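Below is one structure; the comments refer to it alone.
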Amino acid sequence: MNLTLRVWRQTGPDAPGRFETYEATDVSEDASFLEMLDQVNEQLTNAGEEPIEFAHDCREGICGTCGLMINGQAHGPERATATCQLHMRKFADGDEIVIEPWRAAGFPVVKDLVVDRSAFDHIVEAGGYISVDTGSAPDGNLIPVPKETADLAMDAAACIACGACVAACPNGAAQLFTAAKVAHLNALPQGQPERYERAVGMVDTMEQYFGSCTNMGECEAACPKGISIDFIAWMNKDYRKGKMRTRRSA
Amino acid sequence: MTLDSKIPDAPLETMWRDHKFSMKLVNPNNKRKFEVIVVGTGLAGASAAATMGELGYRVKVFTFHDSPRRAHSIAAQGGINAAKDYHGEGDSVYRLFYDTVKGGDYRSREANVYRLAEVSNNIIDQCVAQGVPFAREYGGFLDNRSFGGAQVRRTFYARGQTGQQLLLGAYQALARQVAAGTVELVTKSEMLDLVVVDGKAAGVVVRDLVTGEISSHSAHAVVLATGGYANAFFLSTNAMASNVTAAWRAHRKGAMFANPCFTQIHPTAIPSSDEFQSKLTLMSESLRNDGRIWVPKDPDETRTAADVPEEDRDYFLERKYPAFGNLVPRDVASRNAKEQVDAGKGVGPLKNGVYLDFAAAIQRLGRDAVDDKYGNLFEMYERITGEDPFVTPMRIYPAPHYTMGGLWVDYHLQTTIPGLFAIGEANFSDHGANRLGASALMQGLADGYFILPYTIGDYLAPMLGQPKVDTSASEFVQAEATVRDQTEQFLKTGGTRSVDWYHRELGKIMWDYCGMARNRAGLEKALSEIPTLREEFWKNVRVPGSGNTLNSSLEKAGRVADFFELSELMCRDALMREESCGGHFREESQTDEGEAKRDDENFSFVAAWEWQGLDKEPTLHKEALEFKNVALTQRSYK
């Protein structure tokens, strides 16, 4: 198939960006979206031009590195699918495809389609862990976890931190990512001792980098792992309780 | 140079415990006086860095990813083994040890494997405490499944995302130390050289992948946790950026490289659909529990799978290995699939796969039960191929997956360069010639959480009071210059072919001659073709763009340069090893029935290669393997 691509090119964080048009020719419908870009990059390289930089790695939908706005949608048209798992058979011969990087104030552009998502790591550093030193853990079965709880924690923990939730949000908010991280640990018995400090620390850090949540729900629709916005309600509840506690002890 | 494996002279059962007592300690208050560099943030690197941070060392950890959580450990699907015997099936540390040595085809070290089995239980405890959401039974206790032909249920799992959850656990432990200030995390930075001063590892040279800045970092010790090198084949199940550069450059600085030819070819990947395919996707091996593998008997078969009647199908694994059938070990399953495809009986548009058919399971268990068990995998398959495995059988074909070879390390996980340690897939020590299912995650975390943090203290303790080498030392200056020269060389070559083109060509040579089956003629051919292609690469590669911004072509060029040199060594190692074992099948060494034939008399050793310079033959050193506890037997799956 043959496609026309309108691709965002930006040489660096402070450089102005622009759309460039490229023809992608003889693309196999079995190719993944990123393989299609590989092919375009090979053509660009052979023509002496700089290839398009885009973030990617495992190409199995799990590392969370990839992520593009494809025709205005985070990760493209297919539900619950990371960009690397999107295949060209979902497009038609002759289509024009607009490709942009994640657009959010919390994710500055590094180059072309690559953005800086290190704010996510800072949110995790603010309490997204259980404080247990290596070697001091009791036997695994001494901490029984109801199956429903383990399953719920796993539903939240499936987040791949790709950033699609932020990119899809009209406010550029990071509630879904943060909530998934909070809920994973706060659901489990192991997470209880630090439950409220965790929620407060992570939410406050999130607020430094990202916008406000106005319950649009675009994040859930864009999430390649189908993370539920119910977790946001959960996070808000723990955050409120946590704030009350800090006020009491202050 | 002599190889001292430092295996303590003690019975296996008490060896590690006694050895821990005999190692020198660093007083808790003195640990902060030592700086350690960790390269790589997968299971091994993240767990090691976090644990050393907890202990009080000052740790600097580098990753070329934008976040430690992207490391390829995250893609592991199946599970992690431990000898918990929670189900009363008779599992034990000794049995896990025994299975692992046997499964590795007797080419791993007994002492290391025993220790691995011993600490496996601590890993589960640690991960549970961290909040890894392992699967649970209704009573709230940990669930297990059996995996990779084991006779007991010892595999702990978190849906099909075990690697992801274990890595997130280690990443979160790391994040805690970053917040505590014991660990400095440096992302988007690639190690491009090891600096050795007075024969000891003194630091690394890294390139900032965003700004292109080249900088030196010194420490009292350096730990490489940089994963495996299966991307030498171009197409593999590894993530696109997985590479050998850090380990290879350490090899060029004197660290020996062991058993490079031991590559695991995983039997259940999706076959490639065209020449431009960038990588291969693995389908979980658990599918072999219910899928039946077959090809049409007639190479010219044109009917669709469903229309081929039973009598015209060859269920070749069930026919040849009635006892194990479709569950034969990975190397056997892979080789047999290749035989069928080579005989022209492959299926699919390119005739490059074999069927993995669930029709019988669907009939026996019902569609819903199959959907429950494998639904997510079926969906993944459909997404990639556009075919519904409920209707047409899956097509699978082997793909390079995990590399058992790596930097040679002693019992302390130290390489032949003092102060340079290698952990996880980057070292060679625990898997032998074949890695069993659910044992890679175990090794990464064992090394990182429970072994290296002890052994590194023994190295550091006598250095108390010694400052680290200053980065103005001539060795650092020279290493930086080398890195800068290479970068400039790539940018100014201005040839006619892309880095990927060379990588693909190299991959074809490796797959054809050093892949699932190897023979003398093929390996010699590869050894003549690779240097020619390598020379052309250096003269004719085209790397667009500049060196002071994000430039993935430039990153890849350096990695492919190293793959060229490593590939030669892989072929050389395969040529030297005139026996078949595990992932290494020399066609000259097979039984009358076509099975792999080991030669314990002559090849019961670790092959450790010493770099002598480009275009010079490396020197082979042998570490004899002793099997005092497990009797060597021929593996048979008939």
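First the proteins, then the strands, lettered A, B, ... as listed; each starts at 1. As the structure is a computational prediction, the values presented were derived from the model and not from experiment.
In this structure, the portion of A:R89 lying under 4.5 Å from any heavy atom of chain B is its side chain and not its backbone. The parts of A:N141 that come within reach of chain B are both its backbone and its side chain, each placing non-hydrogen atoms under 4.5 angstrom from that chain. Proximity to chain A is limited to the backbone of B:L280, based on heavy atoms less than 4.5 angstrom apart. There is no contact between B:S47 and chain A, counting heavy-atom distances below 4.5 Å. With a threshold of 4.5 angstrom between heavy atoms, A:K90 does not approach chain B through any atom at all. Only the side chain of B:Q164 comes within contact range of chain A, with at least one heavy atom under 4.5 Å from a heavy atom of that chain. If you measure heavy-atom distances from A:E148 to chain B, the contacts under 4.5 Å come from the side chain alone. Neither the backbone nor the side chain of B:S73 comes within contact range of chain A; no heavy atom of the residue lies under 4.5 Å from a heavy atom of that chain. Contact annotation for A:V110: only side-chain heavy atoms (C-beta onward) come within less than 4.5 Å of a heavy atom of chain B. Both the backbone and the side chain of A:Q85 come within contact range of chain B, each with at least one heavy atom under 4.5 Å from a heavy atom of that chain. Only the side chain of A:L185 comes within contact range of chain B, judged by heavy atoms closer than 4.5 Å. If you measure heavy-atom distances from A:C84 to chain B, you find no contacts under 4.5 Å at all. For chain A, the nearby part of B:F450 is the side chain; its heavy atoms alone come within less than 4.5 Å. Using a 4.5 Å cut-off between heavy atoms, A:D155 contacts chain B through both its backbone and its side chain. Of the atoms belonging to A:D151, heavy atoms from both backbone and side chain fall under 4.5 Å from chain B. Proximity to chain B is absent for every atom of A:L34, based on heavy atoms less than 4.5 angstrom apart. Residue A:A55 does not touch chain B at all, counting heavy-atom pairs closer than 4.5 Å.
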A:E42 and B:R504: CA distance, side-chain angles, deciding distance, salt bridge (Lys or Arg N to Asp or Glu O under 4.0 Å) verdict: CA-CA 12 Å; A:E42 186 103 358; B:R504 271 198 298 270; 3.1 Å; yes
Test log, rule side-chain contact (heavy atoms from CB on, under 4.5 Å), inputs A:R59 and B:M240: CA-CA 8 Å; A:R59 298 200 175 187; B:M240 300 298 287; 3.6 Å; yes
Chi angles and distances behind the side-chain contact (heavy atoms from CB on, under 4.5 Å) call for A:E125, B:Q177: CA-CA 8 Å; A:E125 287 155 15; B:Q177 294 309 307; over 6 Å; no
B:T281/A:E60 under side-chain hydrogen bond (donor to acceptor under 3.5 Å, both in side chains): CA gap, chis, key distance, verdict: CA-CA 7 Å; B:T281 301; A:E60 294 182 20; 5.0 Å; no
side-chain contact (heavy atoms from CB on, under 4.5 Å) between B:Y171 and A:D121, worked out: CA-CA 10 Å; B:Y171 156 72; A:D121 288 325; 2.4 Å; yes
Chi angles and distances behind the side-chain contact (heavy atoms from CB on, under 4.5 Å) call for A:C63, B:H72: CA-CA 7 Å; A:C63 74; B:H72 194 52; over 6 Å; no
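B:R69 and A:C159 make their closest contact through NH2-O, 3.1 Å (heavy atoms, listed as atom of the first residue, atom of the second, distance). Heavy atoms only, all atoms of each residue included: B:A129 and A:I130 are closest at O-CG2, 3.3 Å. For the pair A:A153 and B:P133, the tightest heavy-atom approach, listed with the atom from each and the gap, is CB-CB, 4.1 Å. The two residues B:E54 and A:T134 make their nearest non-hydrogen contact at OE1-N, 2.7 Å. Nearest heavy atoms, A:A157 versus B:Q165: O-NE2, 2.9 Å.
Donor-acceptor pairing under 3.5 Å is recorded for the side chains of A:T81 and B:R383. For the residue pair A:T45 and B:R542, no side-chain donor N or O sits within less than 3.5 Å of a side-chain acceptor on the partner.
Ranking B:G545, B:A75, B:S553, B:S552 against chain A, the residue ahead of the rest is B:S552, based on heavy-atom pairs under 4.5 Å. Between chain B and the residues A:A187, A:S136, A:P189, A:G64, the most heavy-atom pairs under 4.5 angstrom are made by A:G64. Ranked by heavy-atom pairs under 4.5 Å with chain A, the first of B:A173, B:A71, B:G169, B:A241 is B:A241. Between chain A and the residues B:A179, B:S498, B:S546, the largest count of heavy-atom pairs under 4.5 Å involves B:S498. Heavy-atom pairs under 4.5 Å with chain A peak, among B:G386, B:A158, B:G494, at B:G386. Across B:R159, B:Q161, B:H65, B:M380, the residue that shares the most heavy-atom pairs under 4.5 angstrom with chain A is B:R159. Options A:N46, A:L152, A:D38 differ in how many heavy-atom pairs under 4.5 Å they form with chain B, and the most are formed by A:N46. For chain A, the option among B:N238, B:D66, B:I384 with the highest count of heavy-atom pairs below 4.5 Å is B:I384. If you tally non-hydrogen atom pairs under 4.5 Å between each of A:E50, A:H56, A:E53 and chain B, the highest count goes to A:E53. When the candidates A:A137, A:G140, A:S28 are compared by the number of heavy-atom contacts under 4.5 Å with chain B, A:G140 comes out ahead. If you tally non-hydrogen atom pairs under 4.5 Å between each of A:D112, A:N41, A:D30 and chain B, the highest count goes to A:D30. Per-residue heavy-atom pair counts under 4.5 Å with chain B were compared for A:V124, A:L142, A:L188, and the maximum is reached by A:V124.
Between B:K279 and A:D57 no salt bridge is recorded (no basic side-chain N to carboxylate O distance below 4.0 Å). Salt-bridge annotation for B:R176 and A:E194: absent, with no side-chain N of the basic residue lying under 4.0 Å from a carboxylate O of the acidic one. Taking a cutoff of 4.0 Å between a charged side-chain nitrogen and a carboxylate oxygen, B:K84 and A:D139 qualify as a salt bridge.
In this structure, the side chain of A:Q190 engages the main chain of B:V128 through a donor-acceptor pair within 3.5 Å. Remark: the backbone N or O of B:L550 is paired with a side-chain donor or acceptor of A:K111 at under 3.5 angstrom. Under a 3.5 Å cut-off, the side chain of B:Q126 and the backbone N or O of A:G135 do form a donor-acceptor pair. With hydrogens and angles disregarded, no donor-acceptor distance shorter than 3.5 Å links the side chain of B:R136 to the backbone of A:T149. In this structure, the side chain of A:E35 engages the main chain of B:S278 through a donor-acceptor pair within 3.5 Å. A donor-acceptor pair under 3.5 Å is absent between the side-chain atoms of B:Q130 and the main chain of A:V132, judged by distance alone.
Taken from CG in B:L55 to CG in A:D133, the straight-line distance is 8.0 Å, to the nearest 0.5 Å.
At least one side-chain heavy atom of A:P51 sits less than 4.5 Å from a side-chain heavy atom of B:P544.
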